[in-house]
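Worksheet: the structure to be examined is printed underneath.
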Amino acid sequence: MRAQSSATTAPRIAVATDRDRPGLGILQAALGVIAFSLTFPATAWGLEGFGPWSLVAVRSVLAAVIAGGCLLGLRVTLPARRHWPGLAVVGAGVVLGFPLLTTLALQTSTTAHAAVVVGLLPLTTALCSALRMGTRPSRTFWTAALAGAAAVLAFTVQQSGGALSTADLYLFAALLVCAAGYTEGGRLARVMPGWHVIGWALVLCLPLTVPMATLALAQEPVRLTAHSVTGLLWVAVGSQFVGLVVWYRGMAAIGIPKASQLQLAQPLLTLVWSVLLLGEHLPVAAPLTAAAVLVCIAVTQRARG
């Protein structure tokens, strides 16, 4: 009886300790945001040598091979059957839906314009979390979140001219599926390690991504360059696996609504990378928007939900 009591107590202590370190959770979520901020520029590089379907399928397969190798090497047991529907939502939203829709959008859209998606993603994720998990953030939290989202949305839409295009439809659809994937992944990261969540989601998608990669590579031309290979490797390893590992750990530690607000800084980071890596022009309004976003992030981190 004593041994059984100790075994059942240990996991609870581990989980409680992890959640009692909000500073670490904020750091992990912030590292995820930095990784994600490079996704659009890396995708633009990848599209220089791969078609959109090839790029998305190959990145998912590569990430799944890495994740599967880690799971196999560490002898991680299969998740409980009750967790597989949630992992399927993560796979559909984060592994397939968001990468494919944003990659299709980036064929005709600039990275600055595509940043409108991640500008609205924190608010959409918080709303999805409230519906799915019954969270009730405070009024101050919602006020700061809406203000930050409005600032980012106004900035990116103004820079793009405000025209609605096919790329916009892809981006808004990507926003919805990604918010669902983030919410479900954050929920699962409370009961299993964050890298297990994205790892099993990637492996679960292999029956779809392997045939998809085979067909796409046969139909779309491939031109291997330094940019295209670097872009592919980053979206596969940095964005699709490592970034999501630290992101889900951060969400589990500090909560989905608060972690999602850190993404308000992501569009501005993406603009910086776009200037440095793609040579795009940085608008004068960027520093003002960055200051407003940082204030909103500070408020949301202090607000109690």
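Quick note: residue numbers are just sequence positions, from 1. Note that these values count all heavy atoms, side chains included, but never hydrogens, waters or copies made by symmetry.
- Between Gln240 and Pro99, the closest side-chain pair of non-hydrogen atoms falls below 4.5 Å.
- Under the 4.5 Å side-chain criterion, counting only non-hydrogen atoms from C-beta, Trp45 is not in contact with Trp234.
- At least one side-chain heavy atom of Trp200 sits under 4.5 Å from a side-chain heavy atom of Leu78.
- Residues Trp53 and Met212 have side chains in contact (heavy-atom distance under 4.5 Å, counting atoms from C-beta outward).
- Checked against the 6.0 Å centroid criterion, the rings of Trp273 and Phe40 do not qualify as a close aromatic pair.
- Across Pro41 and Leu277, no two heavy atoms sit closer than the pair CB-CD1, 4.2 Å.
- Contact of the Thr102 side chain with the Tyr170 side chain is not registered, since no non-hydrogen atoms from C-beta on lie closer than 4.5 Å.
- Residues Phe172 and Leu176 have side chains not in contact (no heavy-atom distance under 4.5 Å, counting atoms from C-beta outward).
- Hydrophobic clustering (ILVMFWY, side-chain heavy atoms < 4.5 Å, transitive): Val272 and Val293 are in one cluster.
- The shortest non-hydrogen separation linking Val299 to Ala144 is CG1-CB, 3.5 Å.
- Put simply, the side chain of Ser54 gets close to the backbone of Ala216: a donor and an acceptor are under 3.5 Å apart.
- Atom-to-atom distance recorded for Leu104:CG and Thr166:OG1 is 11.0 Å, nearest 0.5 angstrom.
- The main-chain N or O of Ala180 is never found under 3.5 Å from a side-chain atom of Thr183 such that the two would form a donor-acceptor pair.
- Within the 4.5 Å cutoff, no side-chain heavy atoms of Phe98 are placed close to those of Leu175.
- In the hydrophobic clustering of ILVMFWY residues, with side-chain heavy atoms under 4.5 Å counting as a link, Val177 and Val90 come out apart.
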Assess whether side-chain contact (heavy atoms from CB on, under 4.5 Å) is satisfied between Val95 and Ile198, documenting all intermediate values. CA-CA 8 Å; Val95 176; Ile198 185 57; 4.0 Å; yes
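- Taking 4.5 Å as the limit, some side-chain heavy atom of Pro52 sits within range of a side-chain heavy atom of Gln107.
- Put simply, CG on Leu171 and CG on Leu101 are 8.5 Å apart, with the number rounded to the nearest 0.5 Å.
- How far CZ of Arg190 is from CE of Met251: 10.0 Å, rounded to the nearest 0.5 Å.
- Residues Thr225 and Ser228 have side chains that bring a donor and an acceptor to within less than 3.5 angstrom of each other.
- In this structure, the side chain of Ser274 does not engage the main chain of Gly279 through any donor-acceptor pair within 3.5 Å.
- Here CG of Leu271 is found 10.0 Å from OG of Ser37. Values are rounded to the nearest 0.5 Å.
- Of the possible polar contacts, one joining the Arg223 side chain to the Glu48 backbone as a donor-acceptor pair under 3.5 Å is found.
- The local environment of CZ in Phe36 is crowded, with over 12 non-hydrogen atoms from other residues, nucleotides or ligands closer than 6.0 Å.
- Taken from NE2 in His83 to CD in Glu184, the straight-line distance is 10.5 Å, to the nearest 0.5 Å.
- Looking only at distances, no side-chain donor or acceptor of Thr230 sits under 3.5 Å from a matching main-chain atom of His227.
- Of all the heavy atoms in Thr110 and Leu106, the pair that sits closest is O-CD2, 3.9 Å.
- Put simply, the side chain of Thr209 gets close to the backbone of Cys205: a donor and an acceptor are under 3.5 Å apart.
- Residues Ala151 and Ala292 share a closest heavy-atom pair of CB-CB, 4.5 Å.
- When the side chains of ILVMFWY residues are joined at heavy-atom separations under 4.5 Å, either directly or via intervening members, Leu72 and Leu204 end up in two distinct hydrophobic clusters.
- Side chain of Thr270 to backbone of Gln266: a donor-acceptor contact under 3.5 angstrom is found.
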Worked check of side-chain contact (heavy atoms from CB on, under 4.5 Å) between Leu121 and Tyr182: CA-CA 10 Å; Leu121 189 55; Tyr182 277 175; 3.4 Å; yes
Could you go through the side-chain contact (heavy atoms from CB on, under 4.5 Å) check for Leu62 and Val237 one step at a time? CA-CA 8 Å; Leu62 288 177; Val237 181; over 6 Å; no
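- Across Ala114 and Ser109, no two heavy atoms sit closer than the pair N-OG, 3.7 Å.
- We find the OH-CH2 distance between Tyr248 and Trp195 to be 15.0 Å, quoted to the nearest 0.5 Å.
- By the rule that hydrophobic residues join a cluster once side-chain heavy atoms approach within less than 4.5 Å of another member, Val242 and Val56 end up as members of separate clusters.
- The hydrophobic cluster containing Val58 does not contain Leu100, counting ILVMFWY residues as joined when their side-chain heavy atoms lie under 4.5 angstrom apart, directly or transitively.
- When all heavy atoms of Cys128 and Ala179 are compared, the closest pair comes out as SG-O, 4.0 Å.
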